[in-house]
Amino acid sequence: MTTTAIPEIDDSRAAAAGLEPRTQLFIDGSFRDALGGARYTTENPATGRPLAEIALGGPADVDAAVAAARRAADDGRWSRVSPGDRKRILVRWADLIEAKGAELGLLETLDAGKPIADTVGLDVPETATCIRWHAEAADKLYGQVAPSPEGTVATITREPCGVVGAVIPWNYPAQMAAWKLGPALATGNTVVIKPASTTSLSLLRMAELASEAGLPDGVLNVVTGPGDAVGEAIGRHPDVDCVAFTGSTEVGRRFLTYAAETNLKRVLLELGGKSPQLVFPDATDLASIASNVASAVFWNMGENCSAGSRLIVHRSIKDRLLEAVSAELASWPVGDPLDPATRIGALINRGHMERVLGYIDAGRREGARVVTGGERILEETGGYFVPPTVFDGVRNDMTIAREEIFGPVLSVIEFDTEAEAVALANDTPYGLAASLYTDDLNVAHRVARDLKAGVVGVNAYSEGDMTTPFGGYKLSGFGGHDKSVHAHDQYTETKTIWITLKPAP
Ligand code: NAD
């Protein structure tokens, strides 16, 4: 695996000035304008200035993309290619993504306000790793032979669903695409994917690289545009066999309605969260815990579905831990996402920033106390910057402890007993992730078992790696899991073939 050096700020600025990003729809192997010819303007969240003119797709464009994907699914140009050949093409694609790491990272930073150290150093390498991992699994998954009676043979095999629709959010544009595309393509499906309307650039470039890697035309199609036009058209399309969505719980619910009112397509939902971080009184090394706590909630400006936005800490160590968190935050520079030293970039757009600031106001109004942060900063840049904000004295029934803020806001809640900590952690409609810190193995096992969450990190902020499934309980998910071989299951149908043997003559 190659690694991409994180560019210096002047190099990034020069590269950004020279970029000519792809901005059209990608259908049947080529770029084209939307059928209506319209475009919309995106902006750079770090400056508030226009960034790109993106093709404004609509239902007719979705029809064209699904038709191309259907042809490619039905003629077997991908599904009937040997798994080894599928693997080779997808591995080549992952290699190209890695080779273009600096460019893809820059596109993500400009589009989403994410720090370049994260996009180039983490997001793009993880994107390549994800596609490579699923590609490598393509020729290693076996079917089964059932224990059927004498005189019969029964095989149980997995077949691609057919045409997969994917609708993804703006917080990790390339990675969220890879979480869908890796397993869907490795298992032989064709795909129509819609990026979030704010962040199309990296995915369009990835689609171009897929063609270059040898992916046949029509297998991967990208339709850009707004959710209520393009996303709904994918969700309702009668010729889409399965739809994989990552985004808010509110929009996720709609995909169930779309499917129920049309062709009962399979629906896979990865949704929001309000994840707890529990720190028990026996936990040692508060500096290291503080570093994990800060990463869990402030990484990616808190625009993270698994953000550990509720710190549930034992009363006896709360003050010391908060001091350690404040000390940790001193090494989290906020500012220009193109600066390789920046750890907190800009929020995605003005509307979202105002929403986050509204939650901060609600926290103050309801009686919580701001320890650090709490105001918009760097307004003179035109960008949407909110620094890490920590609220002490939070009760779990306050708005900031109940609703997904999707911004850099941490709520600190105290507990006295293990049972109270678990009850507080589970007292949420969400169940995506949780982490806990203790040096007592018994506490670790008991609490990890009792937490109602799809991913539990013990003594670390971790969502696992590509080998482990990612998905949520309760309002955090539905129908399947991203990552690992579990993701292959969700993009395949199970087929039984029962053969009755004729007796020997
Ligand atoms: P969102 O739900 O607003 O949008 C997600 C996608 O759905 C976008 O592509 C959007 O254009 C599209 N969409 C919007 N309205 C639609 C409609 N009516 N019909 C069909 N599609 C529509 O979410 P967002 O603001 O882009 O992302 C933030 C949310 O995503 C947060 O809730 C976060 O927790 C969640 N998220 C979850 C995971 C996970 O793996 N569980 C990962 C990342 C983000």
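From a predicted model like this one, the values you see are computed outputs, not experimental measurements.
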Next on the checklist: For a side-chain contact (heavy atoms from CB on, under 4.5 Å) check, start with the C-alpha distance between Leu185 and Trp93, then their side-chain angles and the critical distance, and finish with the verdict.
Outcome noted: CA-CA 12 Å; Leu185 294 175; Trp93 186 30; 3.9 Å; yes

For the pair [X] (side chain) and [Y] (backbone), establish whether a donor and an acceptor sit closer than 3.5 Å, ignoring hydrogens and angles.
X: Lys194; Y: Gly57; result: no
X: Ser476; Y: Leu271; result: no
X: Asp339; Y: Ile9; result: no
X: Thr342; Y: Ile344; result: no
X: Ser306; Y: Asn304; result: no
X: Trp78; Y: Ala72; result: no
X: Glu261; Y: Arg236; result: no
X: Arg343; Y: Asp118; result: no
X: Lys274; Y: Glu403; result: yes
X: Asn221; Y: Asp28; result: yes

Could you check whether any side-chain heavy atom of [X] comes within less than 4.5 Å of a side-chain heavy atom of [Y], counting everything from C-beta outward?
X: Asp61; Y: Leu25; value: yes
X: Val240; Y: Tyr258; value: no
X: Asp482; Y: Gln490; value: yes
X: Glu493; Y: Arg158; value: no
X: Glu159; Y: Thr492; value: no
X: Thr47; Y: Thr381; value: no
X: Asn171; Y: Asn300; value: yes
X: Val164; Y: Thr190; value: no

Check this for me: does any side-chain nitrogen of one of [X] and [Y] sit under 4.0 Å from a carboxylate oxygen of the other?
X: Asp465; Y: Lys483; value: no
X: Asp241; Y: Lys265; value: no
X: Glu232; Y: Arg254; value: no
X: Asp123; Y: Lys114; value: yes
X: Asp75; Y: Arg80; value: no

Next on the checklist: For Glu20, I'd like to know if atom CD has over 12 heavy atoms of other residues, nucleotides or ligands within 6.0 Å.
Outcome noted: no

Next on the checklist: For the OH atom on Tyr359, are there more than 12 heavy atoms of other groups (residues, nucleotides or ligands in this structure) within a distance under 6.0 Å?
Outcome noted: yes

Checklist entry - Can Tyr430 and Arg402 be said to form a side-chain contact (heavy atoms from CB on, under 4.5 Å), step by step? => result CA-CA 9 Å; Tyr430 295 106; Arg402 303 227 54 89; over 6 Å; no

Item to check | Val485 vs Trp133, side-chain contact (heavy atoms from CB on, under 4.5 Å): CA-CA, chis, key distance, verdict | outcome: CA-CA 10 Å; Val485 286; Trp133 194 93; 4.0 Å; yes

Nearest heavy-atom pair of [X] and [Y]: which atoms, and what distance?
X: Asp427; Y: Asn396; value: O-ND2, 3.1 Å
X: Arg350; Y: Arg376; value: NH1-NH1, 3.9 Å
X: Leu220; Y: Ala207; value: CD2-CA, 4.0 Å
X: Leu203; Y: Ala177; value: CD1-CB, 3.8 Å
X: Leu201; Y: Ala52; value: CD2-CB, 4.3 Å
X: Thr246; Y: Lys180; value: OG1-NZ, 2.7 Å

Does a donor on one side chain sit under 3.5 Å from an acceptor on the other, for [X] and [Y]?
X: Thr109; Y: Thr119; value: yes
X: Thr399; Y: Glu366; value: yes
X: Asn263; Y: His237; value: no
X: Thr41; Y: Glu53; value: yes
X: Ser202; Y: Glu108; value: yes

Checklist entry - Among Trp179, Phe470, Trp299, which one satisfies ring pair (Phe, Tyr, Trp, His ring centres under 6.0 Å) with Tyr172? => result Trp299

Hey, could you give me the [atom1]/[atom2] distance between [X] and [Y], rounded to the nearest 0.5 Å?
X: Tyr384; Y: Glu379; atom1: OH; atom2: CD; result: 10.5 Å
X: Leu107; Y: Arg205; atom1: CG; atom2: CZ; result: 8.0 Å
X: Gln24; Y: Ile27; atom1: CD; atom2: CD1; result: 10.5 Å
X: Leu122; Y: Thr129; atom1: CG; atom2: OG1; result: 10.5 Å
X: Leu110; Y: Glu43; atom1: CG; atom2: CD; result: 12.5 Å
X: Leu268; Y: Cys161; atom1: CG; atom2: SG; result: 8.0 Å

Next on the checklist: Set out, in order, the CA-CA distance, both residues' side-chain angles and the distance that settles salt bridge (charged side-chain N to carboxylate O under 4.0 Å, His left out) for Asp74 and Arg70, then state yes or no.
Outcome noted: CA-CA 6 Å; Asp74 289 351; Arg70 183 85 267 162; 3.5 Å; yes

Checklist outcome for this item: The residue among Ile97, Asp95, Leu90 that forms side-chain contact (heavy atoms from CB on, under 4.5 Å) with Arg132 is Asp95

Checklist entry - Among Arg86, Lys87, His488, which one satisfies side chain to side chain donor-acceptor pair (under 3.5 Å) with His134? => result His488

Next on the checklist: The test is side-chain contact (heavy atoms from CB on, under 4.5 Å); show your working for Thr389 and Leu410 and say whether it passes.
Outcome noted: CA-CA 6 Å; Thr389 297; Leu410 177 66; over 6 Å; no

